[in-house]
Number of protein chains: 2
Amino acid sequence: MSTMYDVAQQAGVSVATVSRYFNGGYVSPAAREAIDAAVNVLAYKPNRIARTLSNKSSQIIGLVVPSVTNPFFPELARAVEGEASRKGYQVVLCNAEGSIEKEKAFIDSLTSSFASGIISSTGNCGDYYEKNGIPVVSVDRELGTGAPHVTSDNYFGGKIVCEHLLERGCQKLAFIGASVESTSQRYRREGFFDKATQMGLPMPALFTADETDEYQILNKEGEQLSVYDGIFAWNDFAAIQAIRSLHQVGVNVPQQALVVGFDDIHIAKLYTPSLSTVAQPIYEMGRAATELLLRQIAGEKLQGVTYLLSVSLIERETTRHKVV
Amino acid sequence: MSTMYDVAQQAGVSVATVSRYFNGGYVSPAAREAIDAAVNVLAYKPNRIARTLSNKSSQIIGLVVPSVTNPFFPELARAVEGEASRKGYQVVLCNAEGSIEKEKAFIDSLTSSFASGIISSTGNCGDYYEKNGIPVVSVDRELGTGAPHVTSDNYFGGKIVCEHLLERGCQKLAFIGASVESTSQRYRREGFFDKATQMGLPMPALFTADETDEYQILNKEGEQLSVYDGIFAWNDFAAIQAIRSLHQVGVNVPQQALVVGFDDIHIAKLYTPSLSTVAQPIYEMGRAATELLLRQIAGEKLQGVTYLLSVSLIERETTRHKVV
DNA sequence: CTGAAAGCGCTTACAG
DNA sequence: CTGAAAGCGCTTACAG
């Protein structure tokens with residue numbers, strides 16, 4: 001690998017001039033031409049590490065996600081990448097896999113690599129992010145640090161699901177969540193519960209989707225999911241698990257029970273029956289988060305800023321039936 | 001952020017000694033203690049970039065994947081990460097998104113960041129990888145450069161699917177592939193076709209799953225998928241698309257047609273009907289690829305080495321019926 | 001418009 | 001066991 005020094009020699013100029021050539025400083029046409037040629041001959045590529053060390057900035061943004069098996073996050077990653085690369089930033093995907101330790105290691109690594117900023121969607125390690133003093137924005141799950149935050153309107157999503165199920169004639173509502181409740185899940189649940197209470201219905205039952213085991217739906221009270229006719233799962237995966245569980249005990253969706261998910265991941269429309277769900281504007285979430293981060297990097301103060309993006313209910317086969 | 005120099009001052013030693021403290025050189029107990037304390041007081045973290053520039057090596061391995069929406073690759077990424085981090089390496093996920101340009105940019109970036117090596121599963125840019133002279137291994141899709149390669153036995157997978165469908169009484173076979181054929185897809189198809197021919201059957205029909213559009217299955221000859229009773233899709237997603245398409249035109253799986261996928265992604269067992277498929281040992285593939293890469297980094301010559309890992313057929317509901 | 005020089009934060013022979 | 005010094009490949013005031 002040739003260095004900038006080699007190029008300078010080859011072109012008969014100093015390294016300072018070569019550096020300017022790459023960073024848009026003043027370079028005479030003659031010098032520019034000589035450098036052009038030298039770069040081609042030597043197939044020179046600037047060294048990122050040296051550049052980063054000098055600049056104390058890498059033009060890299062870290063995207064920390066809690067999982068990569070839930071398709072929501074890969075799709076979010078695509079959006080962030082798209083927007084970031086348009087602005088000349090690279091993004092490195094950090095999969096914390098639910099481990100606080102791993103997440104801290106990522107934060108340390110990003111920081112000591114002069115990352116320009118971090119987008120986090122884990123909802124964890126808020127203080128650790130803050131301590132580093134590097135620009136941070138959260139998406140989907142809040143960090144609780146006042147860092148700018150982008151989320152979809154989860155509460156409203158929960159409400160419209162409740163309305164939809166009631167319209168379809170459901171009487172006995174249930175909610176399925178994950179074992180550890182993120183802020184997103186909480187708002188969805190609260191929107192759902194609040195609307196139910198508001199309509200004079202009893203509190204919906206609460207179930208937990210077991211993420212480790214195979215499509216297992218658990219409930220502390222020992223009630224069976226099959227007792228309910230209107231089921232709202234906090235995400236599409238849990239919804240599919242629920243349909244599968246019901247199928248297993250002979251309950252057909254949507255003939256005997258309606259099910260609604262959240263996210264509108266790719267598989268939702270391919271599933272049989274196709275899944276009614278609340279669509280989040282994933283691309284827009286990624287784009288907005290990136291924009292907020294870049295503005296912070298540029299020096300703007302954005303503490304406390306929150307983008308609440310609107311969601312919409314997508315009616316598919318799992319609610320295409322009227323429960324009587 | 002404090003530097004090694006600050007720690008040295010605080011501890012009353014030279015930076016050389018502090019460096020040795022971190023890199024396992026000789027350090028007297030007294031000095032060690034002083035440095036310990038200083039590191040704590042200053043919350044010092046070694047700077048990765050400076051370290052990398054000095055060492056001309058970053059202990060980072062790049063994993064280049066063609067997509068992140070096909071769950072196979074995120075799962076592969078988990079495996080690679082698991083094995084790599086156990087050996088003290090970090091992995092950065094590079095999502096080429098089917099773009100040659102992006103992939104080259106990743107290779108450049110990785111190279112000029114002193115990455116220790118690259119694992120690629122794109123099957124593209126073989127010469128570009130080679131030119132950089134940095135250790136490379138391919139997984140799933142071959143690069144055609146003689147780089148060590150890890151793959152599952154796709155050809156055998158195709159064969160056993162054919163056998164399975166024939167056993168179940170299928171007569172009219174069809175294969176569904178992606179529009180651009182990777183080496184993996186080719187072997188699966190060839191195994192499937194060879195076995196069919198070998199059993200005296202006519203050549204199976206060839207269909208293409210449109211990845212851009214919504215569950216669209218295309219075929220040049222204009223034949224309809226519904227004519228076939230034994231369908232092998234090159235991956236689980238395409239299989240689900242096929243089932244969905246058939247459902248759309250009133251053909252029920254498995255009553256009227258059997259379908260088998262490939263990969264055994266998470267959704268396969270949750271789908272209704274649950275999907276028969278060929279399971280790849282994804283974790284083992286990632287582990288083996290990482291091992292081969294690390295051995296190359298350590299200096300071993302592994303040109304031409306190939307690991308062929310065995311696959312197994314998982315029978316689920318989509319082939320749980322006998323076609324008559 | 002350009003070059004010499006210092007500096008980014010670390011590592012590593014080389015003396016001692 | 002330890003320190004002074006050079007070097008990794010770049011950038012950027014500062015003179016000129």
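Letters A, B, ... are given to chains in the order of the sequence lines, protein chains preceding strands, and every chain is numbered from 1.
C:dA13 is unpaired under the Watson-Crick or G-U wobble criterion, no partner having all donor-acceptor distances under 3.5 Å. C:dA4 makes up no base pair with any nucleotide shown, lacking Watson-Crick or G-U wobble contacts both under 3.5 Å.
Within the nucleic acid shown, A:Tyr21 has no heavy atom closer than 4.0 Å to any nucleic acid atom. At the heavy-atom level, B:Val18 lies nowhere under 4.0 Å from the strands shown. Across all strands, A:Ser19 comes closer than 4.0 Å to base atoms (heavy-atom distances).
When distances run from any side-chain atom of B:Ser54 to the nucleotides D:dC8, D:dT11, C:dT2, the shortest one goes to D:dC8. Here D:dT11 is the nucleotide among D:dG3, D:dT11, C:dT11 with the atom lying nearest to any side-chain atom of A:Val15.
A donor-acceptor pair under 3.5 Å is formed between the side chain of A:Ser58 and the backbone N or O of A:Phe114. Under the 3.5 Å distance criterion, the side-chain polar atoms of A:Gln185 are matched with a main-chain donor or acceptor of A:Ala178. The main-chain N or O of A:Glu142 is found under 3.5 Å from a side-chain atom of A:Thr183 such that the two form a donor-acceptor pair.
Taking atom P in both D:dC10 and D:dC14, the straight-line distance is 24 Å, to the nearest Å. Using P as the reference atom, D:dA13 and D:dG9 are 23 Å apart when rounded to the nearest Å.
Taking atom OH of residue A:Tyr5 and atom P of nucleotide D:dA6, one finds them 17 Å apart after rounding to whole Å. The distance from atom CZ of A:Arg20 to atom C1' of D:dC10 is 13 Å, rounded to the nearest whole Å. Look at CE on B:Met4: it is 17 Å from C1' on C:dG7, rounded to the nearest Å. Regarding B:Arg48, its CZ atom lies at a distance of 12 Å from the P atom of C:dT11, rounded to whole Å. Going from atom CG of A:Leu53 over to atom P of D:dT11 covers 11 Å, rounded to whole Å. The CZ-C1' distance, from B:Phe114 to C:dC10, rounds to 13 Å in whole Å. Taking atom CG of residue A:Asn23 and atom P of nucleotide D:dC10, one finds them 11 Å apart after rounding to whole Å. Here the C1' atom of nucleotide D:dC10 and the CG atom of A:Asn47 are 8 Å apart, to the nearest Å.
At a cut-off of 3.5 angstrom, the base of D:dC1 holds no donor-acceptor pair with the side chain of B:Ser28.
For B:Glu101, the CD atom sits in a loose shell: 12 or fewer heavy atoms of surrounding residues, nucleotides or ligands are nearer than 6.0 Å.
Where A:Arg51 and B:Ala16 each meet DNA chain D at their nearest nucleotide, the meeting point lying more 5' is that of B:Ala16. Heavy-atom distances to DNA chain C give each of B:Phe22 and A:Ser14 a nearest nucleotide, and the one nearer the 5′ end belongs to A:Ser14.
Between D:dG7 and B:Lys56, no contact under 4.0 Å exists linking OP1 or OP2 to a side-chain N or O.
A salt bridge links A:Glu83 to A:Arg287: one of the charged nitrogens lies within less than 4.0 Å of a carboxylate oxygen.
Of all heavy-atom pairs between A:Thr145 and A:Glu130, the closest is O-OE2, 3.4 Å.
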